[in-house]
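What follows is a set of notes on a single structure, which appears directly below.
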Amino acid sequence: MVLGEKLFEENGNIIGVKVVKVHPIEGITTDVSFTSEIRGEGRYPSGENLGSGIMTKYFHGIIDATWQGSLTIAEGSDQFMWWAHEKSEMVEGGKIKGLNIMTGFTNSQKFSWMNNLIIVLEINGSVSSMKFKATGYEWK
């Protein structure tokens, strides 16, 4: 896998968790919502992010999640609607480490170049603090 330029840093807070299903083999499925701040680098814009998704944590520590949301771009209030898929794992101390693959769409002419991006996010989070950080890179 070849990563291109670094696009952004993200700092987020989990604002809601709802248990959807508990299964002795399939694990625990939750509906999660979050807000985050995106600090763009280079041509990638900064803004406020709102998202939600379904996350399943299996008993062997692997997490599988699908996410969707919208980035409100600070410069001009344009919207970038996105969707992502996550694979991560629980590590020592209730921490979560993993990767997301994200794509999205905007109607903005100024940011239309974002419609062709595939973004890889390296994520780190904490179950106890309900906070996460991510770094986004362009996938080439």
Establish whether [X] and [Y] are linked, either directly or via other cluster members, by ILVMFWY side-chain heavy-atom contacts under 4.5 Å.
X	Y	value
Ile38	Leu99	no
Met102	Trp113	yes
Met55	Met130	yes
Phe105	Trp67	no
Leu3	Ile119	no

(message) Give me the atom names and distance for the closest heavy-atom approach of Phe59 to Gly27.
(response) CE1-CA, 3.5 Å

Distance (rounded to the nearest 0.5 Å) between [X] [atom1] and [Y] [atom2]:
X	Y	atom1	atom2	result
Ser112	Asn107	OG	CG	10.0 Å
Lys95	Ser129	NZ	OG	6.5 Å
Asn11	Ser36	CG	OG	8.5 Å
Ser52	Ile14	OG	CD1	11.0 Å

Is there a side-chain contact between [X] and [Y], using heavy atoms and a 4.5 Å cut-off?
X	Y	value
Asp64	Lys87	yes
Lys6	Tyr137	yes
Glu89	Ile96	no
Tyr44	Leu71	yes
Val120	Glu122	no
Glu9	Glu41	yes

(message) Using the rule given for side-chain contact (heavy atoms from CB on, under 4.5 Å), can you reason through Phe132 versus Phe34, listing the C-alpha separation, both sets of side-chain angles and the distance that settles it, and then say yes or no?
(response) CA-CA 10 Å; Phe132 68 93; Phe34 67 90; 3.6 Å; yes

(request) Please say which of Thr106, Asn100, Asn49 ends up in a side-chain hydrogen bond (donor to acceptor under 3.5 Å, both in side chains) with Trp82. (result)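 It is Asn49; the other options fail the test.
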
(request) Apply side-chain contact (heavy atoms from CB on, under 4.5 Å) to the pair Met90 and Ile63, showing each step before the final yes or no. (result) CA-CA 7 Å; Met90 294 293 294; Ile63 295 171; 3.8 Å; yes

(request) Sequence neighbours left out, what passes side-chain contact (heavy atoms from CB on, under 4.5 Å) with Asp31? Give chain and number order. (result) Lys18, Val20, Ile54

(message) Applying the side-chain contact (heavy atoms from CB on, under 4.5 Å) criterion to Glu86, which one of Ile101, Ile123, Leu121 satisfies it?
(response) Ile123

(message) Exactly one of Thr103, Ile118, Leu117 should register a side-chain contact (heavy atoms from CB on, under 4.5 Å) with Trp139. Which one does?
(response)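 Of Thr103, Ile118, Leu117, side-chain contact (heavy atoms from CB on, under 4.5 Å) with Trp139 is met by Ile118 alone.
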
(message) Run Thr66 and Trp83 through side-chain contact (heavy atoms from CB on, under 4.5 Å) and show every step you take.
(response) CA-CA 8 Å; Thr66 56; Trp83 46 96; over 6 Å; no

(request) Report yes or no: does Gln79 contribute a side-chain atom to a donor-acceptor pair with the main-chain N or O of Ile73 at less than 3.5 Å? (result)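 Side chain of Gln79 to backbone of Ile73: no pair is present.
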
(message) Closer than 3.5 angstrom, by distance alone: can the side chain of Ser46 be matched with the main-chain N or O of Gly40 as a donor-acceptor pair?
(response) yes

(request) Could you please spell out the steps behind the side-chain contact (heavy atoms from CB on, under 4.5 Å) verdict for Glu10 and Glu37? (result) CA-CA 6 Å; Glu10 178 178 17; Glu37 182 178 316; over 6 Å; no

(request) Start with the C-alpha gap between Thr72 and Ser77, add the side-chain angles, then the distance that decides, and say whether side chain to side chain donor-acceptor pair (under 3.5 Å) holds. (result) CA-CA 6 Å; Thr72 301; Ser77 297; over 6 Å; no

(request) Check whether more than 12 heavy atoms from other residues, nucleotides or ligands sit under 6.0 Å from atom NZ of Lys97, and answer yes or no. (result)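 No, because the 6.0 Å sphere around NZ of Lys97 holds 12 heavy atoms or fewer from other groups.
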
